[in-house]
Amino acid sequence: MVKFSECLNDLMDYFILADPGVLTDFKSQYDLPDDLLTEFTTNGSADVAVANGVFIPLAGITNFPYTIYFTLENEPSPFKGNPIQHQKSDYLLQVKSGEIFLFTMPYL
């Protein structure tokens, strides 16, 4: 398990979870502009990216300092059954580099 403290979402109610290399490959493959924030919020390319496992949008997260834990699938969650945890299933995430990043919308 890995713990990150004092995570803020830059006044937008979103975090993005992605492998930056996969995101860069998607940008190149679809010849997208450098400003992915505008691209993903004004065109259908974000839906294509999510459907292909390029990133997972984590929406509706109020701007407070958060402590975020990452566990692997085979690791037990220390919060199993806790009503304050945010958990979502049925998303695919491509990871080619062995790393995933949790970042805020302005970094797109």
Visitor: Evaluate whether atom OH of Y14 has more than 12 neighbouring non-hydrogen atoms of other residues, nucleotides or ligands under 6.0 angstrom away.
Guide: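 Counting neighbours around OH of Y14, 12 or fewer heavy atoms of other residues, nucleotides or ligands fall under 6.0 Å, so no.
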
Visitor: Pick from F26, F101, F40, F15: which one makes a ring pair (Phe, Tyr, Trp, His ring centres under 6.0 Å) with F55?
Guide: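 The single option meeting the ring pair (Phe, Tyr, Trp, His ring centres under 6.0 Å) with F55 is F40.
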
Visitor: So, for V50 and P57, which heavy atoms are closest and what is the spacing to 0.1 Å?
Guide: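 Heavy-atom minimum between the residues: CG2-CD, 3.7 Å.
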
Visitor: Establish whether Y30 and L92 are linked, either directly or via other cluster members, by ILVMFWY side-chain heavy-atom contacts under 4.5 Å.
Guide: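 They do not share one cluster, since no chain of ILVMFWY contacts under 4.5 Å joins Y30 to L92.
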
Visitor: Which atom pair, heavy atoms only, marks the closest approach of E39 to S45?
Guide: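 Smallest interatomic distance, heavy atoms only, reads OE2-OG, 2.7 Å.
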
Visitor: Calculate, to the nearest 0.5 Å, the distance between atoms CG and CG belonging to L32 and N43 respectively.
Guide: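 Rounded to the nearest 0.5 Å, the CG-CG separation comes out at 8.5 Å.
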
Visitor: To the closest 0.5 Å, what do you measure between CD1 (I56) and CD1 (I100)?
Guide: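 Those atoms lie 8.0 Å apart.
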
Visitor: Decide yes or no for L23 and L36: does some side-chain heavy atom of the first lie under 4.5 Å from some side-chain heavy atom of the second?
Guide: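 Of all side-chain heavy-atom pairs linking L36 with L23, at least one is under 4.5 Å.
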
Visitor: When rounded to the nearest 0.5 angstrom, what is the spacing between CG in L93 and CG in N52?
Guide: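 CG of N52 is found 12.0 Å from CG of L93.
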
Visitor: To the closest 0.5 Å, what do you measure between CG (D13) and CG (L58)?
Guide: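 CG of L58 is found 11.0 Å from CG of D13.
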
Visitor: Look only at the side chain of Q94 and the backbone of D19, and say whether a donor-acceptor pair between them is shorter than 3.5 Å.
Guide: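 Answer holds: no.
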
Visitor: Counting distance only, does the side-chain N/O of S97 pair as donor-acceptor with the main-chain N or O of E99 below 3.5 Å?
Guide: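 Side chain of S97 to backbone of E99, a donor-acceptor pair under 3.5 Å: yes, one is there.
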
